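Below is one structure; the comments refer to it alone.
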Amino acid sequence: MDNQKKDARKLALEKLRHSTSHVMAQAVLEIFPDGKVAIGPAIENGFYYDFELPRSLTPEDLAQIEARMQAIVKNDFPFIYEEISSAQAKKLFQGQPYKIELIQDLLAKDPKAVLSIYKHSDFFDLCRGPHLENVRQIQAPAIKLLHVSGAYWRGDEKRPMLQRIYGTVWSSKKELKTYLHQVEEAKKRDHRKLGKEMDLFSFQEEAPGMPFFHHKGTFIWNSLVSYVTDIMVRKNYEINKTPFILNKSLWLQSGHWDHYKNNMYFTKIDEQDFAVKPMNCPGNILVYKTKQHSYRELPIRAGEFGLVHRHELSGVLSGLFRVRCFTQDDAHVFCTKEQMKAEIKDLIDFMDEVYSRFGFQYKLELSTRPEKAMGSKKIWDLAEDTLKEVLIESKKKYKINEGDGAFYGPKIDFHLTDAIGRDWQCGTIQLDFQMPEKFDMTYIGEDNQKHCPVMIHRAILGSVERFLGVLVEHFAGHFPLWIAPVQIKIIPIREDHYAYANKVQEILKAAGLRSELDVRDERMQAKIRVAQLEKAPYMIIIGDKEVAESKISIRTKSGKNINDLGLENFIEKCQKQVQEKSIELDETLA
RNA sequence: GCCGGCAUAGCUCAGUUGGCAGAGCAACUGACUUGUAAUCAGUAGGUCGUUGGUUCGAUUCCGACUGCCGGCUCCA
């Protein structure tokens, strides 16, 4: 589909969904005549509408509302656009406080604003549109109400909580079915489900929001860290390790005490206040300050895989994606202003290398000076221009998020697109002119004077744990061979094949390959089934024939069989894939 | 934190109006000795998340707490 067609289709769906949300509001008001309506926009994949109702909605209510909607769209009700005066509007929406507030806001923004309503049947709503021509254009079987949830009026926790009904609608029943199927498929990849099934990690009531990594999950975690470490070594990074608990005075100095206190954990040691680190920068700044630095040493690239704790609201915790403790693959580059550009360029290359290793595409976003920024506009302009120049020179497309930068500097965020098209923000590059000053960091320049270095914060995986979760969903649990905790499942057919199977496992182990031997008293079919469910990339089947000929037979994860293979040959093929860190499994072994 | 839902065996889940708690898989024992996604039989396994209350009696009804799930950004 070309872009124009895509936009047209998007617009058509938006009209459909927005119109359906009006129909839903009509249905809800028929059931609850005293209900108050708030807003009801079209959203990605559907729509919602917020209501204030006399009681909480139940799933039965949803079914009833849906049935009502399906009846409404069978009528010949045209959508009628009408422009109204502010006085008319206020009269029309008497008794609808949320609408009145919206009207007042619109007029406050622009006293001459044109207000409009859309009517269909006896329902009308303050609305800019656009809408369909007639409710008949909505296919009854293509409507589905999904769930009801709480939502603060205007997203503000200090304002009343409304009931939000989420629904979806498509141009046909078939499209609805396809969509629901996609949702089901996405659910099958849920890292929380796969993490449990594959014995990667767990969560315990004793530590909400703090993952427990099991043996296999830890293996992947370590692999990620060592993969990134290898590149850091190549790129001349230093790697530090700083304490988890640091004195309050440090956090006062860094500004975290003022800006980040609500998300921090505290403790008292020997009558003194300490905080558990929510970020690694202050610790690494202390490391920098342990000695005097010359301009000749710069840039200093100081990495740390630092475990940070942040107190997130209990209601937002979610698997590995939203946690209260995680390991940042953090680094701080201390450099001169002149070196900034080259360093950022190098970081973009770093990101590119890591993300393409896992087959991710990515999008870039540049966030600029926020309202409450620290430092002069001049220095911000320099920082923003530097980032822009680098992006242009690197031939990267990017989107600008005006005013979305950190209070200490602008940043570039990397959004990965996974195998089923979902976006995940992972990497970040942030320019910081504030911390070095606050901490009185210096280097001796060519002119024999003290200068303040520029600091670049960066993370590539972001959170190692979260990235692992993204990988689980991206690969649906089928990890590339180099990172799969169990690469090979060895399946002896009968007990008298165990000795040979053991020997095979020893040889694999000596070759650096990870295998598990299934010696349960089960039939081969049962063992294959389990190996398949465990998502083992390769299975080695060992029976009479293999023992007699000193060969192996392979079954790949997708069920292909390769018989009479020499073990050495197989090992070579595996080692090659591991070495190359291939994404796709070699299923031919030719 | 707030709104709504959920919490039963290691896992996935049943449990009818309140009356001694169930299945499948897994585990264990035994038999079977098997060629590309589940061999058969038997055994054991539960303070029904925690805690108060109502009741002769609570997994079931009511309250509190804890945890998990879906939301709380999409601006008429």
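Computed over heavy atoms, backbone and side chain alike; hydrogens, waters and symmetry mates excluded. These figures come from a predicted structure and were not determined experimentally. Residue numbers start from 1 in every chain, and the chains themselves are labelled A, B, ... in the order their sequence lines are given, proteins ahead of strands.
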A/Tyr48 six-ring face occupied by A/Arg164 cation (under 6.0 Å, within 45°): yes
Pairing nucleotide - B/rC48, Watson-Crick or G-U, each distance under 3.5 Å: none
Sugar-phosphate, base or nothing in reach of A/Gly155, heavy atoms under 4.0 Å: sugar-phosphate
Residue of the set A/Phe79, A/Phe77, A/Phe93 for which ring pair (Phe, Tyr, Trp, His ring centres under 6.0 Å) holds with A/Phe124: A/Phe93
Any A/Arg164 side-chain N or O less than 4.0 Å from OP1/OP2 of B/rG71: no
Euclidean distance, atom OH of residue A/Tyr498 to atom P of B/rU34 [Å, nearest integer]: 13 Å
Centroid-centroid under 6.0 Å between A/His497 and A/Tyr500 rings: no
Sugar-phosphate only, base, or nothing, as touched by A/Asp521 at under 4.0 Å among non-hydrogen atoms: base
Interatomic distance where CG belongs to A/Leu200 and P belongs to B/rC11 [whole Å]: 16 Å
Pairwise P distance, B/rG19 and B/rU60 [rounded to whole Å]: 11 Å
Of A/Gln204 and A/His18, the one whose closest RNA chain B nucleotide lies more 5': A/Gln204
Sugar-phosphate only, base, or nothing, as touched by A/Asp190 at under 4.0 Å among non-hydrogen atoms: nothing
Distance in angstrom units between A/Asp156 CG and B/rG1 P, rounded: 18 Å
Separation of A/Thr218 OG1 from A/Leu468 CG (nearest 0.5 Å): 9.5 Å
Nearest-angstrom distance from the residue atom NZ of A/Lys196 to P of B/rC69: 10 Å
Touch class at under 4.0 angstrom, heavy-atom based, for A/Lys527 against every strand present: nothing
What does the list of N/O pairs under 3.5 Å between the protein and nucleotides 2-8 of chain B look like, with a distance for each?
unit_1, atom_1, unit_2, atom_2, d
B/rC2, O4', A/Tyr152, OH, 3.2
B/rC2, O2, A/Tyr152, OH, 3.4
B/rC3, O2, A/Gly150, N, 3.1
B/rG4, OP1, A/Ser56, OG, 3.4

Presence of donor-acceptor pair under 3.5 Å, side chain of A/Glu206 and base of B/rG67: no
Under-4.0 Å side-chain N/O to phosphate OP1/OP2 contact, A/Arg192 with B/rC69: yes
Candidate nucleotides B/rG70, B/rU36, B/rC74, ranked by approach to the side chain of A/Ile541 - the nearest: B/rU36
Along RNA chain B (nearest heavy atom to each residue), the more 5'-positioned of A/Phe203 and A/Gly543: A/Gly543
Sugar-phosphate only, base, or nothing, as touched by A/Asp496 at under 4.0 Å among non-hydrogen atoms: nothing
Within the 6.0 Å centroid threshold, strictly below: A/Trp221 and A/Phe467: no
Sugar-phosphate only, base, or nothing, as touched by A/Ile491 at under 4.0 Å among non-hydrogen atoms: nothing
Which nucleotide in B/rC72, B/rG35, B/rG70 has an atom nearest any side-chain atom of A/Tyr166: B/rC72
Centroid-centroid under 6.0 Å between A/His147 and A/Tyr166 rings: yes
Interatomic distance where CE belongs to A/Met524 and C1' belongs to B/rU34 [whole Å]: 8 Å
Interatomic distance, A/Leu313 CG vs B/rU66 C1' [rounded to whole Å]: 17 Å
Atom-pair distance (CH2 on A/Trp153; P on B/rU73), nearest Å: 12 Å
Nucleotide nearest A/Ser553 when distance is taken to its side chain, options B/rU36, B/rG70, B/rC74: B/rU36
For B/rG1, the Watson-Crick or wobble partner whose two distances fall under 3.5 Å: B/rC72
Spacing between A/Asp518 atom CG and B/rA26 atom P, to the nearest angstrom: 12 Å
OP1 or OP2 of B/rC75 under 4.0 Å from side-chain N/O of A/Tyr98: no
Residues which pass salt bridge (charged side-chain N to carboxylate O under 4.0 Å, His left out) with A/Lys187, listed by chain and number, not counting sequence neighbours: A/Glu184
Sugar-phosphate, base or nothing in reach of A/Gln96, heavy atoms under 4.0 Å: nothing
Distance test, side-chain N/O of A/Arg322 to OP1/OP2 of B/rC68, below 4.0 Å: no
Backbone of A/Gly421 reached by a side-chain donor or acceptor of A/Asp418 within 3.5 Å: yes
Sugar-phosphate, base or nothing in reach of A/Thr58, heavy atoms under 4.0 Å: nothing
Proximity to the side chain of A/Arg555 - top-ranked nucleotide from B/rU39, B/rG35, B/rA37: B/rA37
Pair A/Glu473-A/Trp424, side-chain donor/acceptor within less than 3.5 Å: no
Closest nucleotide among B/rA27, B/rU36, B/rC74 to the A/Arg520 side chain: B/rA27
Sugar-phosphate, base or nothing in reach of A/Glu157, heavy atoms under 4.0 Å: nothing
A/Tyr265-A/His311 aromatic ring centre distance below 6.0 Å: yes
Spacing of the P atoms in B/rC65 and B/rG1 (rounded, Å): 10 Å
Touch class at under 4.0 angstrom, heavy-atom based, for A/Val37 against every strand present: nothing
Residue A/Asp544, side-chain atoms from C-beta onward, closest of B/rU33, B/rA27, B/rG35: B/rG35
